[in-house]
Amino acid sequence: LFHARFEQAGLVDAIKDLIQDSDFHCRDSGIALRNMDNSQVAVVVILLEAGGFLPYHCDRRLNLGISLTSLTKIVHYAGDEATLALKANDNPDTFNLVLECLQTGCIIKYDIKSRDIDQEHLEIPKTDYAATITIPSAEFQRICRNLSQLLESVANEASEERIKFSSSGDIGSGSATLRHNSDLTGPIALTISLKYLVNFSKATALSYSVTLSLSSEVPQLVEYKVESGFARFYFAPQIGE
Amino acid sequence: QGKQRMISSFFAPK
């Protein structure tokens with residue numbers, strides 16, 4: 001039997017524009033998801049440890065194939081105050097989603113068919129990044145949204161004290177600079193698509209801060225810590241002409 | 001504009 005109750009349903013919203021459906025790997029230690037985005041330029045890794053759920057019970061390994069498009073609709077209409085519970089019995093073909101509004105006591109139940117998902121599993125190597133910079137998540141979202149109104153990609157440059165997001169396009173150029181207190185092993189410059197950063201920054205509500213791990217010419221890591229876990233977004237850089 | 005790389009060119013399948 002599997003039963004998990006989750007209070008940060010906003011996590012679903014953060015990944016719905018990147019992934020249509022995914023296997024949720026349920027273990028006694030917690031729930032994990034690792035999947036390439038639809039255009040195969042990013043990888044989303046989510047880990048939610050058992051301790052972050054009240055309650056959490058999983059007595060055998062279970063892979064639930066879940067449509068995030070459907071899950072998003074369910075969570076969206078439940079509102080912010082609702083908790084989401086996932087239940088499965090010995091039949092792996094279906095699972096239950098239970099939405100509970102604590103204020104009104106309203107309970108909505110769904111019986112959902114597990115999807116068979118053809119998912120490629122990528123090995124993510126351990127990387128020593130040249131810079132690991134933590135900034136307020138709301139500032140990061142503001143910068144990404146603002147620059148993306150007019151421009152398409154952003155060059156991230158980091159120095160000892162500042163991280164600079166600069167961008168140029170047909171209409172001209174723009175940049176945003178933020179102070180940080182992180183250690184750098186050397187200067188970094190990498191260019192990535194703003195559209196994806198805007199998507200990643202939808203996880204802003206999950207955490208006050210976001211950590212950017214950067215090295216030239218390797219995927220950038222954008223990480224949001226959540227209670228008893230994390231949401232990580234790896235994004236392949238743009239290289240050369 | 002640079003060329004967008006695929007993530008699989010950095011992360012190999014298991």
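Just so it is clear, the values below take in all heavy atoms, side chains as well, and ignore hydrogens, waters and symmetry mates. In what follows, chains carry the letters A, B, and so on, assigned in the order in which the sequence lines appear, proteins first and then strands, with residues in each chain numbered from 1.
Closest approach of B/Phe11 and A/Leu122 over heavy atoms only: O-CD2, 3.4 Å. Nearest heavy-atom pair across B/Ile7 and A/Tyr234 is CD1-O, 4.0 Å. B/Gln4 approaches A/Pro237 most closely through the heavy-atom pair NE2-O, 3.7 Å.
Residue A/Ser39 touches chain B through its backbone alone, counting heavy-atom pairs closer than 4.5 Å.
Taking the side chain to side chain contact (heavy atoms under 4.5 Å, CB included) definition, one finds that A/Ile112 meets it with A/Ile74, A/Phe95, A/Leu97, A/Tyr110, sequence neighbours left out. Not counting sequence neighbours, the partners of A/Thr69 by the side chain to side chain contact (heavy atoms under 4.5 Å, CB included) test are A/Gln20, A/Ser67, A/Lys73. Listed by chain and residue number, A/Lys202 satisfy the salt bridge (charged side-chain N to carboxylate O under 4.0 Å, His left out) test with A/Asp17 (two or more places apart in sequence, or in another chain).
A/Val41 is not listed as a side-chain neighbour of B/Arg5, based on a closest heavy-atom distance of 4.5 Å or more.
Interatomic distance, A/Gln238 CD to B/Lys3 NZ, rounded to the nearest 0.5 Å: 10.5 Å.
Heavy-atom neighbours of A/Arg145 CZ from other residues, nucleotides or ligands within 6.0 Å: at or below the threshold of 12.
Proximity to chain B among residues 217-225 of chain A is limited to A/Glu217, A/Val218, A/Pro219, judged by heavy-atom separations below 4.5 angstrom.
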